[in-house]
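One structure is given here, and the rest of the page talks about it.
Side-chain atoms are counted along with the backbone in the values below, which use heavy atoms only and exclude waters and symmetry mates. Chain A is the first sequence line, chain B the second, and so forth, proteins listed ahead of strands; every chain is numbered from 1.
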Amino acid sequence: MTEDVRVRFAPAPTGYMHIGNLHTALFNWLFARKMGGAMILRIEDTDELRSTSDALEVIYQGLKWIGLDWDEGPDVGGEYGPYVQSERLDIYHEYLDQLIGGERAYECFCTPEELEERRQVMRARGIPPKYDGRCAALSDDEREELRAAGRKSCIRFRVEEGGTTLIRDIIQGEVTYDNALIGDPVIVKTSGFPTYHFACVVDDHLMRITHVIRAVEHLPNTQIHMQLQAALGFEPPAYAHLPLILGEDRTKLSKRHGAVAVTDYEQQGFLPEAMFNFLVLLGWSPGDEREVMSREEILSSFSLEACDSSPSVFDVQKAEWMNGEYMKLMAPEVIAERLLPLLQEARLMEDSPSAERWEWLVQVVDLMRERTRLLTTFVSWGQYFFTDDYEYENRARKKWLSREEIPERLELLADRLQLLATWDHQSIETAVRGLAEESGVSAAKVIHPCRAAITGTTIGPSLFHLMELLDQEDAIGRLRGTAELARAGKLAAEPEDE
RNA sequence: GCCCCCAUAGUCUAGUGGCCAAGGACGCCGGAUUCUCAGUCCGGAAGCCGGGGUUCGACUCCCCGUGGGGGUACCA
């Protein structure tokens, strides 16, 4: 009989959600959903200094953005709550009493300064810096004296003195740690707050966590955790330590690598579906050559056993490519929904667009998405759809707008377009090509200046289709306006730098 | 310093002793596309870290080295 799978994602609320956290959350979620188990969200706010109160919302938003849900957590409740560690202090103290009663924990009066000093000495002598255990031997009288002298204390866990600790990790394999190499860790701080090790072990047990899936930086901690479990009589969960995500310089992805917050990628115009797909491919592969996979496909192929144990570099370029694939794949309506807030923020769309205007936006998206990788591309390269106030790129000026014959040609084209009774891409194409033929030039000689005049750029989607999405009067106005500027010599190419 | 882990092209990866004169993807380079390219299509360059074993046979197993990473906190 197999127990129901229960996993947890347990972030520290430090104010922002790291892309590595999201990766861990994702793998937990995948395993939970794959196994028909439960996903628990637990907040590990035992660091009173770094934890912030609004961080909870950031965590929820990060998870929701990428489309992960959870069955138990601070917001949805559950029968093993509370799910915020600072609200569970009484619980930890109960187990602390058990440890003290069994002589597996003791008061330590050493100050942080003393500890640091001793570590320096040990390091200088080339021996592993670990707590020397001096307070473990204190007599009741000595403790009383120290207290009377006003010394504050914390609580340490008495680790095994010899032997080894074997971790059978689903991803990392069997790893053995020497017990003699670690000192007694602090499990309750002077403040009365538990440390991560203690709270984590107690909660995983109480919340009936069956599989601990976390980043490999926690692998060494597992030695302490397993000893704590043994001392407390807890059945240890299964462990799966995920490889780290590295920055370009191959060190653990962190703030100094630039964009690491989930919100950074959201703002850069990544689609959550693409990020989901991209992230799952860091440390896991379906075993065949599929890369762009739906959530269902991923779920049906996923397994912890297939996870790789070597770290991977977060390659933004590949992430952008993946995003581009989703731009092509997803329904234009959905992309438009994701895009709208960005356009509104850039003041390129009104706050509550009419149904007609919305339809138009969907068409713009549909036309542009093939050559678009990020949502923000619409705000930059695609701004001419939304405003007359676009820049004339230097390349456009140089190649197409600074020629002598241009103003007249643009005006001729404007005249023709003015006569069109129907404004659709076929009629526009006929008019444009017609002018080219009558002027005895190739169609390109009209198309390119026209694109440059109307969009300010040399590249973009099919000219006739993009013009169709502009208002007829507006398009004509742009042609005449550009002609005027060109005549006034205001569209001369800037000298090239370098 | 000490402990642990990792090692297929610049990057993500397939590979679990013969199917591999190593497959896919991103990126890069080249060509095509007379409506541009940031799109699309086609093509190309680029890799098993080194050395020892084990074996009839190693990218795959073992050892050593090297390189990289993580840990070594009253942070998680």
Distance check, [atom1] atoms only: [N] and [M], in whole angstrom units.
N	M	atom1	result
B:rA32	B:rA25	C1'	22 Å
B:rU8	B:rA14	C1'	10 Å
B:rU55	B:rG18	C1'	12 Å
B:rA45	B:rC37	C1'	23 Å
B:rC3	B:rG15	P	33 Å
B:rC48	B:rA9	P	7 Å
B:rG47	B:rG53	C1'	24 Å
B:rC59	B:rG52	P	13 Å

Taking atom [atom2] of [N] as reference, at what distance in whole Å does atom [atom1] of [X] sit?
X	N	atom1	atom2	answer
A:H23	B:rC12	NE2	C1'	11 Å
A:H218	B:rU72	NE2	P	10 Å
A:L367	B:rU36	CG	C1'	13 Å
A:L246	B:rA7	CG	C1'	13 Å
A:R123	B:rG71	CZ	P	13 Å
A:Y239	B:rC5	OH	C1'	18 Å
A:K318	B:rG24	NZ	P	13 Å
A:M327	B:rG39	CE	C1'	14 Å

[options]: which one has an atom nearest the side-chain heavy atoms of [X]?
X	options	value
A:D47	B:rC35, B:rA76, B:rG24	B:rA76
A:E44	B:rC4, B:rA76, B:rC35	B:rA76
A:L181	B:rC37, B:rC3, B:rA76	B:rC3
A:R50	B:rA76, B:rC4, B:rG27	B:rA76
A:P112	B:rC74, B:rG39, B:rG27	B:rC74
A:S310	B:rA7, B:rC3, B:rG39	B:rA7
A:A444	B:rA25, B:rU34, B:rG70	B:rU34
A:H448	B:rC6, B:rC35, B:rG39	B:rC35
A:Q317	B:rC26, B:rC4, B:rU36	B:rC26

OP1, OP2 of [N] versus side-chain N and O of [X]: anything below 4.0 Å?
X	N	value
A:K130	B:rG71	no
A:T457	B:rU36	no
A:T176	B:rC4	no
A:K252	B:rG71	yes
A:R119	B:rA73	yes
A:R290	B:rC12	no
A:R250	B:rC12	yes
A:K189	B:rC75	yes

Exercise. Does any donor-acceptor pair link the side chain of A:T190 with the base of B:rC74 at a separation under 3.5 Å?
Worked result: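 Yes, a donor-acceptor pair under 3.5 Å.
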Exercise. So does A:S462 reach the base of B:rC35 with its side chain, donor to acceptor, closer than 3.5 Å?
Worked result: yes
Exercise. Mind checking whether A:Y239 and A:H241 have parallel, tilted or perpendicular rings, split at 30° and 60°?
Worked result: parallel
For this session: Indicate the ring-plane relationship of A:F234 and A:Y95, choosing parallel, tilted or perpendicular according to the 30° and 60° boundaries.
Result: perpendicular
For [X], report the nucleic acid contact type (base, sugar-phosphate, nothing); a contact means any heavy atom under 4.0 Å.
X	answer
A:G283	sugar-phosphate
A:T458	base
A:P461	base
A:R395	nothing
A:S191	nothing
A:N221	base
A:L281	sugar-phosphate

Exercise. Would you call A:E114 and A:R118 a salt bridge, using N to O less than 4.0 angstrom?
Worked result: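 Looking at A:R118 together with A:E114, the answer is yes, because their closest N to O distance falls below 4.0 Å.
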Exercise. So does A:E48 pair up with A:K189, basic N to acidic O under 4.0 Å?
Worked result: yes
For this session: Please lay out, stage by stage, how A:N21 and A:T24 fare under the test side-chain hydrogen bond (donor to acceptor under 3.5 Å, both in side chains).
Result: CA-CA 5 Å; A:N21 295 144; A:T24 301; 5.6 Å; no
Exercise. For A:A12 and A:T372, take the nucleotide of RNA chain B holding the closest heavy atom to each; which residue's nucleotide lies nearer the 5' end?
Worked result: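 The 5'-side residue here is A:T372.
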Exercise. Between A:Q172 and A:K328, who's closer to the 5' end of RNA chain B by nearest nucleotide?
Worked result: A:Q172
Please find out if less than 6.0 Å separates the ring center of [X] from that of [Y].
X	Y	answer
A:Y265	A:F278	no
A:F302	A:W284	yes
A:F157	A:H225	no

For this session: Working to the nearest 0.5 Å, report the span between CD of A:Q172 and OG of A:S310.
Result: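 Separation between the atoms: 9.0 Å.
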